[in-house]
Amino acid sequence: MELGLQGRTAFVSGSTQGIGYAVAAALTAEGVRVTVNGRDAERVDAAVARLRREHPGAEPSGLVADFADAEQVERLLDALGPVDILVNNVGLFGLADFETVDDAEWARYFEVNVMSGVRSSRRLLGGMLERGWGRILFVSSESGVNVPADMVHYGVTKAAMLALGNGLAKLTRRTAVTVNTVLGGPTYSDGVAAAVEAIAAARSVPTAAMREAIIEQNRTTLLERFIEPDEIAQLVTYLASPLASATNGAALRADGGVLTGML
C-alpha cells in the first residue's frame, strides 16, 4: 500500500536498535528522510549505515544526544531543522521494587520518558502547524494503562506520555497536524532480549524456555508470544501517513491483546 510519505522528513528518538530502529527502517522504506538518534556516536553511525545498506538510495542521517541531558537535547534540536514526523520513542525500562526506587531514579525516568517528548514536541509542533502538515507520535506502553506492580516508576511515566499526547492533540484543532500514541505490548526489543538472556543465564535455563515462561505468566495475552519491533513499527508508520488523517488524540493498541478493557 502506498502511504504517501515520499519526501517527508522524520526524527525518531532512541532509534539505533529495537522499536526505534524498526520505525526508522519502516519510514525509510516509504521514502522518508529519517534522522536517527542515540547516545553513542558509533551506534548512531552504524544505524545510519545499516539503513543505507537495507534501503539503497535512501539518505538517512544521525544525531547524537542523551535525552537525560537537557543541554544535549537542545543542541540536537538546534541541528535538526524542520521535521514533518516526530516519533518520541526514546525511553528507560526496568524492573524494580517500588520501595527501592529513590527520588533521583524517579527524576531520571521522567527526564527521559516524559521530558524527551515535551522538549521535542515543544520545539517542532509550531513548525508543523505553520507548514500545515505534521505528525507527532508517542511510543508508549500498555503499562501506562495497567501499571505493573514491579515497575511502577516505568508505568507512571508511560501514563504521563499518554496524557501529554492527548493534551498536545488539542492544540492541532482544524489543522492537518495530528498527535497520537501507540500502546505497545510485551515486545522482544534488544533491551528486553538482553534482560531475558540474563535471567535465563542466572537460572541456568535456555533463553527460549525463559521466553516461553515469561509469556505464560501473562495470562491476558491473546497473541501468546512476544511482539516483534516491526509489528509496532508498522502501526507507527501508518499513523505517520496521510491515510491516518482522521485519527488524532488517540491511543492505539499494538499490545497483542494484553489489555482486557475496551479502549
Side-chain angles (χ1 to χ4, degrees), residues 9-16 18-24 27 34-39 63-94 105-129 134-145 147 151 153-172 177-184 187 189 191 232-233 235-237 239-240 244 247-254:
T9 59
F11 173 71
V12 185
S13 64
S15 48
T16 59
I19 293 172
Y21 182 82
V23 170
L27 289 171
V34 176
T35 300
V36 298
N37 155 255
R39 294 177 296 175
L63 288 172
V64 179
D66 183 349
F67 271 80
D69 185 326
E71 291 185 2
Q72 290 189 40
V73 174
E74 289 304 313
R75 288 196 294 270
L76 178 148
L77 293 170
D78 287 341
L80 189 57
V83 167
D84 298 314
I85 302 162
L86 167 63
V87 182
N88 291 304
N89 170 75
V90 69
L92 298 175
F93 167 89
E105 188 71 346
W106 272 97
R108 187 170 76 97
Y109 265 72
F110 263 93
E111 191 73 13
V112 176
N113 292 6
V114 182
M115 292 306 299
S116 60
V118 170
R119 294 184 176 114
S120 297
S121 302
R122 185 169 56 203
R123 180 70 73 90
L124 298 175
L125 175 59
M128 295 178 186
L129 294 172
R135 298 286 186 266
I136 296 179
L137 294 153
F138 291 89
V139 180
S140 185
S141 167
E142 48 86 18
S143 294
V145 176
V147 178
M151 45 182 179
H153 58 309
Y154 171 77
V156 168
T157 59
K158 289 299 182 177
M161 184 183 286
L162 274 168
L164 176 59
N166 182 267
L168 290 179
K170 293 177 173 63
L171 304 178
T172 68
V177 179
T178 65
V179 184
N180 292 292
T181 302
V182 171
L183 301 175
T187 304
S189 63
I232 306 293
L235 178 55
V236 174
T237 303
L239 292 171
T247 305
N248 196 10
L252 291 90
R253 294 166 47 178

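No hydrogens, no waters, no symmetry mates; every other heavy atom, side chains included, goes into these values.
Nearest heavy-atom pair, L164 versus G117, reported as atom, atom and distance to 0.1 Å: CD2-C, 4.0 Å. Between F93 and Y109, the shortest heavy-atom distance links the atoms C-OH, 3.2 Å. Closest approach of Y154 to L92, counting heavy atoms only: CD1-O, 3.1 Å. When all heavy atoms of L63 and A79 are compared, the pair lying nearest together is CD2-CB, 4.2 Å. For the residue pair A254 and I232, the shortest heavy atom distance occurs at O-CD1, 3.5 Å. The nearest pair of heavy atoms linking G94 to H153 is O-CE1, 3.3 Å.
Rounded to the nearest 0.5 angstrom, L124 CG and L129 CG are separated by 11.0 Å. In this structure, CG in L86 is found 9.0 Å from CG in L77, a value given to the nearest 0.5 Å. With rounding to the nearest 0.5 Å, the separation of CZ in F67 from CZ in R119 is 9.5 Å. Between the OG1 atom in T157 and the CE atom in M151 there is a gap of 10.0 Å [rounded to 0.5 Å].
Side-chain contact, N248 with T178: no donor N or O sits under 3.5 Å from an acceptor N or O. Looking only at atom types and distance, the side chain of S116 has no donor-acceptor partner in the side chain of N88 under 3.5 Å away. Judged by distance alone, the side chains of S15 and N37 never bring a donor and an acceptor atom under 3.5 Å apart.
One N or O on the side chain of Q72 and one on the backbone of D66 form a donor-acceptor pair closer than 3.5 Å. A donor-acceptor pair is defined here as one N or O able to donate and one able to accept, closer than 3.5 Å; no such pair exists between the side chain of T187 and the backbone of S189. The backbone N or O of L137 sits nowhere less than 3.5 Å from a side-chain atom of N180 that would complete a donor-acceptor pair. The main-chain N or O of S13 is found under 3.5 Å from a side-chain atom of N89 such that the two form a donor-acceptor pair. Using modelled atom types, one side-chain atom of K158 and one backbone atom of V139 make a donor-acceptor pair closer than 3.5 Å.
For R39, the CZ atom is loosely surrounded, since the number of other residues' heavy atoms within 6.0 Å does not exceed 12.
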| request: Start with the C-alpha gap between R108 and E105, add the side-chain angles, then the distance that decides, and say whether salt bridge (Lys or Arg N to Asp or Glu O under 4.0 Å) holds. | output: CA-CA 5 Å; R108 187 170 76 97; E105 188 71 346; 3.0 Å; yes
| task | Just do the side-chain contact (heavy atoms from CB on, under 4.5 Å) check on L239 and L252 with the steps written out, would you? | result | CA-CA 10 Å; L239 292 171; L252 291 90; 4.1 Å; yes
| task | Apply side-chain contact (heavy atoms from CB on, under 4.5 Å) to F110 and V156, showing your working. | result | CA-CA 9 Å; F110 263 93; V156 168; 4.0 Å; yes
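Inter-residue side-chain proximity for V36 and F11 is flagged as unmet; no heavy-atom pair is nearer than 4.5 Å. V12 has its side chain out of reach of T35: every pair of non-hydrogen atoms, C-beta onward, lies at least 4.5 Å apart. The closest side-chain heavy-atom distance from V179 to T172 is below 4.5 Å. Y21 has its side chain out of reach of V23: every pair of non-hydrogen atoms, C-beta onward, lies at least 4.5 Å apart. Annotation: side chain of L162 is in contact with side chain of L183 (closest heavy-atom distance under 4.5 Å). Inter-residue side-chain proximity for T9 and I85 is flagged as unmet; no heavy-atom pair is nearer than 4.5 Å. Inter-residue side-chain proximity for M128 and R135 is flagged as unmet; no heavy-atom pair is nearer than 4.5 Å.
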